[in-house]
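Protein chains get the first letters and strands the later ones, always in sequence-line order, with residue 1 at the start of each.
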2 protein chains.
Amino acid sequence: MKTVYERADIVPLLAEIFRELGYEGTSLSRITERTGIGKGSLYHFFPGGKQEMAGAVLADVDGWFEHAIYQPLRKDDASEAIAAMWTNVNDYFRSGRRICLVGAFALDETRERFSAEIGDYFIRWIDALRSALMRAGCSEGEAQTLAEEGVAGIQGALVLSRALDDRMVFTRSLDTLAKRFDSVMR
Amino acid sequence: MKTVYERADIVPLLAEIFRELGYEGTSLSRITERTGIGKGSLYHFFPGGKQEMAGAVLADVDGWFEHAIYQPLRKDDASEAIAAMWTNVNDYFRSGRRICLVGAFALDETRERFSAEIGDYFIRWIDALRSALMRAGCSEGEAQTLAEEGVAGIQGALVLSRALDDRMVFTRSLDTLAKRFDSVMR
DNA sequence: CAATCATTGTACCGAACGGTACAATGATAA
DNA sequence: TTATCATTGTACCGTTCGGTACAATGATTG
(Lines give C-alpha, C1' and ligand atoms only; values in the text may rest on other atoms or scores of the structure.)
Protein backbone atom coordinates (compact mmCIF):
# COMPACT_ATOMS: atom_id res chain seq x y z
CA MET A 1 0.00 0.00 0.00
CA LYS A 2 1.25 3.39 -0.98
CA THR A 3 -0.23 6.77 -0.10
CA VAL A 4 0.04 9.49 -2.72
CA TYR A 5 0.27 13.16 -1.74
CA GLU A 6 0.25 16.49 -3.48
CA ARG A 7 2.55 19.31 -2.57
CA ALA A 8 -0.40 21.53 -1.65
CA ASP A 9 -1.59 18.96 0.89
CA ILE A 10 1.80 18.64 2.54
CA VAL A 11 2.47 22.34 3.15
CA PRO A 12 -0.21 22.84 5.85
CA LEU A 13 1.02 19.73 7.66
CA LEU A 14 4.57 21.06 7.59
CA ALA A 15 3.32 24.42 8.81
CA GLU A 16 1.86 22.96 11.97
CA ILE A 17 5.07 21.08 12.74
CA PHE A 18 7.32 24.09 12.16
CA ARG A 19 5.00 26.13 14.35
CA GLU A 20 5.24 23.71 17.25
CA LEU A 21 8.89 22.75 17.02
CA GLY A 22 10.53 25.75 15.38
CA TYR A 23 12.93 25.51 12.47
CA GLU A 24 15.81 23.82 14.27
CA GLY A 25 13.52 21.63 16.31
CA THR A 26 11.82 20.25 13.21
CA SER A 27 13.68 17.19 11.97
CA LEU A 28 12.82 15.09 8.94
CA SER A 29 12.25 12.10 11.16
CA ARG A 30 9.66 13.98 13.22
CA ILE A 31 7.93 15.09 10.04
CA THR A 32 7.72 11.47 8.92
CA GLU A 33 6.64 10.39 12.38
CA ARG A 34 3.76 12.88 12.53
CA THR A 35 2.57 12.80 8.95
CA GLY A 36 3.58 9.40 7.63
CA ILE A 37 5.26 11.11 4.70
CA GLY A 38 8.65 9.56 3.94
CA LYS A 39 11.86 11.21 2.89
CA GLY A 40 11.34 10.05 -0.67
CA SER A 41 8.18 12.12 -1.02
CA LEU A 42 9.52 15.09 0.91
CA TYR A 43 12.62 15.44 -1.24
CA HIS A 44 10.57 14.83 -4.36
CA PHE A 45 8.36 17.85 -3.66
CA PHE A 46 11.00 19.94 -1.91
CA PRO A 47 14.39 19.18 -3.52
CA GLY A 48 15.91 21.98 -1.49
CA GLY A 49 15.26 20.06 1.71
CA LYS A 50 14.21 21.54 5.01
CA GLN A 51 14.91 25.09 3.95
CA GLU A 52 12.62 24.79 0.93
CA MET A 53 9.92 23.19 3.08
CA ALA A 54 10.01 26.09 5.52
CA GLY A 55 10.09 28.53 2.62
CA ALA A 56 6.98 26.96 1.12
CA VAL A 57 5.24 27.18 4.47
CA LEU A 58 6.13 30.85 4.81
CA ALA A 59 4.81 31.54 1.30
CA ASP A 60 1.60 29.72 2.15
CA VAL A 61 1.13 31.70 5.35
CA ASP A 62 1.90 34.92 3.52
CA GLY A 63 -0.67 34.09 0.87
CA TRP A 64 -3.34 33.48 3.45
CA PHE A 65 -2.72 36.80 5.19
CA GLU A 66 -2.54 38.66 1.90
CA HIS A 67 -5.92 37.34 0.87
CA ALA A 68 -7.75 37.27 4.20
CA ILE A 69 -6.29 40.31 5.96
CA TYR A 70 -4.15 42.66 3.86
CA GLN A 71 -6.35 43.00 0.78
CA PRO A 72 -9.52 43.77 2.75
CA LEU A 73 -7.57 46.34 4.77
CA ARG A 74 -6.43 48.01 1.58
CA LYS A 75 -9.63 47.83 -0.45
CA ASP A 76 -12.72 47.27 1.65
CA ASP A 77 -14.52 49.56 4.04
CA ALA A 78 -11.93 50.53 6.63
CA SER A 79 -13.76 49.94 9.88
CA GLU A 80 -15.32 46.71 8.61
CA ALA A 81 -11.94 45.39 7.46
CA ILE A 82 -10.33 46.23 10.78
CA ALA A 83 -13.16 44.58 12.68
CA ALA A 84 -12.82 41.52 10.45
CA MET A 85 -9.07 41.47 11.13
CA TRP A 86 -9.57 41.00 14.85
CA THR A 87 -11.93 38.08 14.44
CA ASN A 88 -9.96 36.45 11.62
CA VAL A 89 -6.72 36.77 13.56
CA ASN A 90 -8.34 35.33 16.66
CA ASP A 91 -9.59 32.37 14.62
CA TYR A 92 -6.35 31.88 12.69
CA PHE A 93 -4.23 31.77 15.82
CA ARG A 94 -6.83 29.64 17.56
CA SER A 95 -7.19 32.10 20.45
CA GLY A 96 -3.46 31.97 21.06
CA ARG A 97 -2.98 28.21 21.00
CA ARG A 98 -1.38 28.54 17.60
CA ILE A 99 1.63 30.81 17.21
CA CYS A 100 2.77 33.05 14.39
CA LEU A 101 5.45 31.17 12.48
CA VAL A 102 6.84 34.34 10.95
CA GLY A 103 7.19 36.00 14.35
CA ALA A 104 8.82 32.93 15.82
CA PHE A 105 11.32 32.71 12.96
CA ALA A 106 12.17 36.37 13.53
CA LEU A 107 13.37 35.74 17.05
CA ASP A 108 16.30 33.35 16.54
CA GLU A 109 18.94 32.83 13.88
CA THR A 110 16.31 31.36 11.56
CA ARG A 111 15.70 35.01 10.73
CA GLU A 112 18.93 35.02 8.70
CA ARG A 113 17.55 32.34 6.37
CA PHE A 114 14.29 34.16 5.64
CA SER A 115 14.92 37.81 6.45
CA ALA A 116 13.30 39.02 3.23
CA GLU A 117 10.11 37.00 3.66
CA ILE A 118 9.84 37.89 7.35
CA GLY A 119 10.36 41.59 6.75
CA ASP A 120 7.88 41.61 3.88
CA TYR A 121 5.16 39.92 5.88
CA PHE A 122 5.25 42.51 8.65
CA ILE A 123 5.84 45.53 6.43
CA ARG A 124 2.81 44.67 4.33
CA TRP A 125 0.67 44.02 7.38
CA ILE A 126 1.56 47.38 8.90
CA ASP A 127 1.16 49.21 5.59
CA ALA A 128 -2.26 47.69 4.93
CA LEU A 129 -3.40 48.49 8.45
CA ARG A 130 -2.13 52.04 8.23
CA SER A 131 -3.97 52.47 4.94
CA ALA A 132 -7.24 51.41 6.55
CA LEU A 133 -6.66 53.67 9.55
CA MET A 134 -6.01 56.68 7.34
CA ARG A 135 -9.17 56.01 5.38
CA ALA A 136 -10.94 55.90 8.73
CA GLY A 137 -9.74 59.38 9.50
CA CYS A 138 -6.35 59.02 11.20
CA SER A 139 -3.44 61.22 10.33
CA GLU A 140 -0.49 59.44 8.73
CA GLY A 141 1.65 59.61 11.86
CA GLU A 142 -1.17 58.50 14.10
CA ALA A 143 -2.03 55.67 11.71
CA GLN A 144 1.57 54.44 11.50
CA THR A 145 1.96 54.38 15.28
CA LEU A 146 -1.33 52.63 15.80
CA ALA A 147 -0.65 50.09 13.06
CA GLU A 148 2.69 49.17 14.59
CA GLU A 149 1.07 48.99 18.00
CA GLY A 150 -1.63 46.68 16.68
CA VAL A 151 0.68 44.24 14.93
CA ALA A 152 3.17 44.22 17.81
CA GLY A 153 0.30 43.81 20.24
CA ILE A 154 -0.88 40.69 18.44
CA GLN A 155 2.60 39.18 18.45
CA GLY A 156 3.06 40.00 22.11
CA ALA A 157 -0.33 38.55 22.97
CA LEU A 158 0.71 35.29 21.33
CA VAL A 159 3.89 35.14 23.42
CA LEU A 160 2.07 36.02 26.61
CA SER A 161 -0.88 33.70 26.23
CA ARG A 162 1.41 30.79 25.42
CA ALA A 163 3.72 31.64 28.31
CA LEU A 164 0.80 31.74 30.73
CA ASP A 165 -0.93 28.85 28.95
CA ASP A 166 -4.10 30.94 29.04
CA ARG A 167 -6.04 31.49 25.85
CA MET A 168 -8.23 34.09 27.52
CA VAL A 169 -5.20 36.39 27.65
CA PHE A 170 -5.03 36.37 23.86
CA THR A 171 -8.70 37.05 23.26
CA ARG A 172 -8.71 39.73 25.94
CA SER A 173 -5.64 41.41 24.44
CA LEU A 174 -7.24 41.51 21.01
CA ASP A 175 -10.32 43.01 22.58
CA THR A 176 -8.32 45.73 24.28
CA LEU A 177 -6.55 46.53 21.03
CA ALA A 178 -9.84 46.65 19.13
CA LYS A 179 -11.30 49.08 21.65
CA ARG A 180 -8.29 51.34 21.33
CA PHE A 181 -8.60 51.34 17.55
CA ASP A 182 -12.30 52.17 17.81
CA SER A 183 -11.68 55.07 20.15
CA VAL A 184 -9.14 56.61 17.78
CA MET A 185 -11.21 56.06 14.64
CA ARG A 186 -14.26 57.99 15.70
CA MET B 1 47.87 26.58 28.91
CA LYS B 2 44.57 26.11 30.64
CA THR B 3 41.83 28.67 31.21
CA VAL B 4 39.83 28.38 34.43
CA TYR B 5 36.21 29.51 34.64
CA GLU B 6 33.60 29.93 37.32
CA ARG B 7 30.01 28.94 36.86
CA ALA B 8 28.88 32.54 37.36
CA ASP B 9 31.06 33.67 34.47
CA ILE B 10 29.75 31.04 32.10
CA VAL B 11 26.02 31.68 32.54
CA PRO B 12 25.94 35.08 30.80
CA LEU B 13 27.91 33.66 27.88
CA LEU B 14 25.44 30.81 27.57
CA ALA B 15 22.57 33.29 27.79
CA GLU B 16 23.73 35.18 24.74
CA ILE B 17 24.08 31.98 22.72
CA PHE B 18 20.67 30.62 23.71
CA ARG B 19 19.18 33.98 22.86
CA GLU B 20 20.63 34.01 19.36
CA LEU B 21 20.23 30.35 18.45
CA GLY B 22 17.28 29.19 20.53
CA TYR B 23 17.29 26.04 22.64
CA GLU B 24 17.35 23.53 19.79
CA GLY B 25 19.72 25.62 17.74
CA THR B 26 22.28 25.78 20.54
CA SER B 27 24.65 22.83 20.31
CA LEU B 28 27.53 22.03 22.62
CA SER B 29 29.95 22.39 19.74
CA ARG B 30 28.73 25.92 19.01
CA ILE B 31 29.07 26.81 22.69
CA THR B 32 32.66 25.62 22.63
CA GLU B 33 33.28 27.35 19.33
CA ARG B 34 32.02 30.72 20.59
CA THR B 35 33.34 30.67 24.14
CA GLY B 36 36.32 28.35 24.06
CA ILE B 37 34.82 26.41 26.96
CA GLY B 38 35.17 22.67 26.42
CA LYS B 39 32.75 19.90 27.21
CA GLY B 40 34.75 18.93 30.25
CA SER B 41 34.13 22.27 31.91
CA LEU B 42 30.54 22.51 30.77
CA TYR B 43 29.57 19.14 32.20
CA HIS B 44 31.56 19.83 35.33
CA PHE B 45 29.45 22.92 36.13
CA PHE B 46 26.23 21.66 34.57
CA PRO B 47 26.04 17.88 35.08
CA GLY B 48 22.50 17.95 33.74
CA GLY B 49 23.76 18.98 30.34
CA LYS B 50 22.08 21.40 27.98
CA GLN B 51 18.83 21.45 29.93
CA GLU B 52 20.61 22.47 33.13
CA MET B 53 22.56 25.14 31.24
CA ALA B 54 19.36 26.66 29.87
CA GLY B 55 17.76 26.38 33.30
CA ALA B 56 20.65 28.26 34.88
CA VAL B 57 20.34 30.96 32.25
CA LEU B 58 16.62 31.30 32.91
CA ALA B 59 17.25 31.60 36.65
CA ASP B 60 19.88 34.26 36.00
CA VAL B 61 17.54 36.25 33.78
CA ASP B 62 14.75 35.91 36.31
CA GLY B 63 17.03 37.15 39.06
CA TRP B 64 17.97 40.20 37.08
CA PHE B 65 14.36 41.13 36.39
CA GLU B 66 13.34 40.46 39.96
CA HIS B 67 15.98 42.84 41.24
CA ALA B 68 15.98 45.52 38.56
CA ILE B 69 12.31 45.62 37.57
CA TYR B 70 9.87 43.71 39.76
CA GLN B 71 11.03 44.81 43.21
CA PRO B 72 11.05 48.52 42.34
CA LEU B 73 7.58 48.13 40.85
CA ARG B 74 6.34 46.57 44.06
CA LYS B 75 8.13 48.78 46.58
CA ASP B 76 9.29 52.08 45.15
CA ASP B 77 7.35 55.11 44.07
CA ALA B 78 4.96 53.87 41.43
CA SER B 79 5.44 56.37 38.65
CA GLU B 80 9.19 56.46 39.15
CA ALA B 81 9.43 52.68 39.06
CA ILE B 82 7.35 52.50 35.88
CA ALA B 83 9.45 55.18 34.23
CA ALA B 84 12.59 53.29 35.25
CA MET B 85 11.12 50.11 33.79
CA TRP B 86 10.90 51.58 30.30
CA THR B 87 14.48 52.76 30.30
CA ASN B 88 15.87 49.64 31.94
CA VAL B 89 13.99 47.39 29.53
CA ASN B 90 15.19 49.41 26.58
CA ASP B 91 18.77 49.06 27.79
CA TYR B 92 18.47 45.40 28.71
CA PHE B 93 17.11 44.43 25.31
CA ARG B 94 19.60 46.74 23.61
CA SER B 95 16.86 48.64 21.81
CA GLY B 96 15.48 45.42 20.37
CA ARG B 97 18.72 43.89 19.15
CA ARG B 98 18.60 41.47 22.05
CA ILE B 99 15.53 39.28 22.43
CA CYS B 100 13.71 38.02 25.49
CA LEU B 101 14.87 34.45 26.07
CA VAL B 102 11.83 33.62 28.16
CA GLY B 103 9.46 34.85 25.49
CA ALA B 104 11.31 32.95 22.79
CA PHE B 105 11.23 29.73 24.80
CA ALA B 106 7.49 30.20 25.25
CA LEU B 107 6.85 30.04 21.53
CA ASP B 108 8.06 26.56 20.61
CA GLU B 109 8.14 23.17 22.31
CA THR B 110 10.95 24.38 24.56
CA ARG B 111 8.07 25.71 26.62
CA GLU B 112 7.33 22.16 27.77
CA ARG B 113 10.76 21.89 29.41
CA PHE B 114 10.48 25.15 31.36
CA SER B 115 6.77 25.89 31.62
CA ALA B 116 6.97 26.68 35.35
CA GLU B 117 9.86 29.13 35.00
CA ILE B 118 8.32 30.79 31.95
CA GLY B 119 4.92 31.18 33.55
CA ASP B 120 6.43 32.53 36.74
CA TYR B 121 8.52 35.14 34.99
CA PHE B 122 5.54 36.67 33.22
CA ILE B 123 3.07 36.30 36.08
CA ARG B 124 5.41 38.13 38.43
CA TRP B 125 6.11 40.84 35.88
CA ILE B 126 2.41 41.48 35.33
CA ASP B 127 1.62 41.33 39.05
CA ALA B 128 4.38 43.76 39.94
CA LEU B 129 3.32 46.14 37.20
CA ARG B 130 -0.33 45.94 38.24
CA SER B 131 0.68 46.68 41.81
CA ALA B 132 2.46 49.85 40.73
CA LEU B 133 -0.45 50.92 38.54
CA MET B 134 -2.91 50.51 41.39
CA ARG B 135 -0.73 52.54 43.69
CA ALA B 136 -0.73 55.17 40.95
CA GLY B 137 -4.49 55.33 41.07
CA CYS B 138 -5.78 52.71 38.64
CA SER B 139 -8.65 50.42 39.49
CA GLU B 140 -7.76 46.74 39.75
CA GLY B 141 -9.36 45.84 36.42
CA GLU B 142 -7.81 48.77 34.63
CA ALA B 143 -4.41 48.00 36.15
CA GLN B 144 -4.57 44.32 35.16
CA THR B 145 -5.50 45.14 31.57
CA LEU B 146 -2.82 47.79 31.27
CA ALA B 147 -0.17 45.57 32.85
CA GLU B 148 -0.89 42.76 30.41
CA GLU B 149 -0.89 45.26 27.57
CA GLY B 150 2.46 46.63 28.66
CA VAL B 151 4.23 43.28 28.99
CA ALA B 152 2.70 41.94 25.77
CA GLY B 153 3.58 45.18 24.03
CA ILE B 154 7.23 44.79 24.98
CA GLN B 155 7.32 41.21 23.72
CA GLY B 156 5.61 42.19 20.50
CA ALA B 157 7.94 45.11 20.01
CA LEU B 158 10.89 42.71 20.24
CA VAL B 159 9.41 40.46 17.58
CA LEU B 160 8.57 43.37 15.31
CA SER B 161 11.84 45.25 15.59
CA ARG B 162 13.81 42.09 14.91
CA ALA B 163 11.56 41.14 12.00
CA LEU B 164 11.99 44.58 10.44
CA ASP B 165 15.63 44.76 11.54
CA ASP B 166 14.88 48.23 12.82
CA ARG B 167 15.78 49.15 16.38
CA MET B 168 13.87 52.40 16.13
CA VAL B 169 10.67 50.36 16.08
CA PHE B 170 11.46 49.01 19.53
CA THR B 171 12.31 52.33 21.10
CA ARG B 172 9.29 53.95 19.48
CA SER B 173 6.98 51.18 20.72
CA LEU B 174 8.24 51.58 24.26
CA ASP B 175 7.66 55.30 23.98
CA THR B 176 4.08 54.80 22.82
CA LEU B 177 3.44 52.40 25.68
CA ALA B 178 4.95 54.82 28.20
CA LYS B 179 2.72 57.62 26.96
CA ARG B 180 -0.35 55.45 27.29
CA PHE B 181 0.59 54.55 30.85
CA ASP B 182 1.14 58.20 31.69
CA SER B 183 -2.24 59.20 30.31
CA VAL B 184 -4.04 56.60 32.42
CA MET B 185 -2.10 57.33 35.59
CA ARG B 186 -2.99 60.98 35.89
C1' DC C 1 -1.90 -4.42 -23.74
C1' DA C 2 2.74 -2.14 -23.18
C1' DA C 3 5.29 1.91 -22.10
C1' DT C 4 5.94 5.90 -19.52
C1' DC C 5 6.76 8.51 -15.62
C1' DA C 6 5.53 10.75 -11.38
C1' DT C 7 5.72 9.15 -6.80
C1' DT C 8 7.22 6.43 -2.93
C1' DG C 9 9.81 3.24 0.55
C1' DT C 10 14.21 1.78 1.97
C1' DA C 11 18.88 1.46 2.54
C1' DC C 12 22.63 4.13 3.11
C1' DC C 13 26.08 8.25 3.65
C1' DG C 14 29.26 11.33 6.37
C1' DA C 15 28.70 14.76 9.82
C1' DA C 16 27.03 16.48 13.93
C1' DC C 17 24.39 15.61 17.97
C1' DG C 18 24.27 15.20 23.41
C1' DG C 19 26.69 12.84 26.63
C1' DT C 20 30.48 9.94 29.17
C1' DA C 21 35.07 8.47 30.81
C1' DC C 22 39.25 9.63 32.38
C1' DA C 23 43.92 11.08 32.52
C1' DA C 24 46.52 15.45 32.52
C1' DT C 25 46.78 19.87 34.66
C1' DG C 26 47.72 23.17 38.06
C1' DA C 27 46.33 25.97 42.07
C1' DT C 28 45.91 25.33 47.03
C1' DA C 29 47.15 23.89 51.53
C1' DA C 30 49.43 20.76 54.73
C1' DT D 1 57.90 19.58 48.84
C1' DT D 2 54.20 16.77 48.54
C1' DA D 3 49.42 15.50 48.60
C1' DT D 4 44.94 16.92 47.39
C1' DC D 5 41.33 18.03 44.52
C1' DA D 6 38.70 21.06 41.60
C1' DT D 7 39.01 21.86 36.84
C1' DT D 8 40.03 20.91 32.09
C1' DG D 9 41.22 18.72 27.30
C1' DT D 10 40.60 14.77 24.56
C1' DA D 11 39.11 10.63 22.91
C1' DC D 12 35.24 8.13 22.44
C1' DC D 13 30.16 6.32 22.72
C1' DG D 14 25.64 5.32 20.37
C1' DT D 15 22.09 8.04 18.15
C1' DT D 16 20.17 11.28 15.16
C1' DC D 17 20.89 14.72 11.83
C1' DG D 18 19.99 16.41 6.76
C1' DG D 19 20.60 14.53 2.52
C1' DT D 20 21.29 11.04 -1.52
C1' DA D 21 20.62 6.95 -4.49
C1' DC D 22 17.70 3.99 -6.48
C1' DA D 23 14.64 0.28 -7.23
C1' DA D 24 9.72 -0.82 -6.52
C1' DT D 25 5.18 0.89 -7.24
C1' DG D 26 1.17 2.08 -9.67
C1' DA D 27 -1.67 5.41 -12.19
C1' DT D 28 -1.80 7.45 -16.78
C1' DT D 29 -1.35 7.41 -21.64
C1' DG D 30 -0.58 5.56 -26.24
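- Atom CZ of R113(B) and atom P of dG18(C) are 10 Å apart (whole Å).
- At least one donor-acceptor pair closer than 3.5 Å links the side chain of S183(B) to the backbone N or O of R180(B).
- Using a 4.5 Å cut-off on side-chain heavy atoms (C-beta onward), L101(A) and Y121(A) make no contact.
- The shortest distance between side-chain heavy atoms of Q71(B) and E66(B) falls below 4.5 Å.
- Between F65(B) and W125(B), the ring-plane angle classifies as tilted under the 30° and 60° cut-offs.
- Within residues 24-51 of chain A, the residues approached by DNA chain D to less than 4.0 Å at the level of any non-hydrogen atom are T26(A), S27(A), L28(A), S29(A), K39(A), Y43(A), G49(A), K50(A), in residue-number order.
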Pairwise N/O distances under 3.5 Å, protein to nucleotides 3-5 of chain C:
none

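- When the P atom of dT7(D) is taken as reference, atom CD of E6(B) falls 8 Å away, rounded to whole Å.
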Starting from the C-alpha separation in whole Å, work towards a yes-or-no answer on salt bridge (charged side-chain N to carboxylate O under 4.0 Å, His left out) for E20(A) and R30(A). CA-CA 11 Å; E20(A) 290 179 35; R30(A) 295 193 76 168; over 6 Å; no
CA sep, side-chain torsions, deciding dist, call: R130(B), E148(B), salt bridge (charged side-chain N to carboxylate O under 4.0 Å, His left out)
CA-CA 8 Å; R130(B) 186 190 55 205; E148(B) 288 178 2; over 6 Å; no
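- In this structure, L21(A) atom CG and dT16(D) atom P are separated by 16 Å, rounded to whole Å.
- Identified under the salt bridge (Lys or Arg N to Asp or Glu O under 4.0 Å) test for residues 40-62 of chain B, with sequence neighbours left out: R7(B)-E52(B), D62(B)-R124(B).
- The main-chain N or O of D127(B) is never found under 3.5 Å from a side-chain atom of S131(B) such that the two would form a donor-acceptor pair.
- Rounded to an integer number of Å, the gap from CD1 of I10(A) to C1' of dT7(C) is 10 Å.
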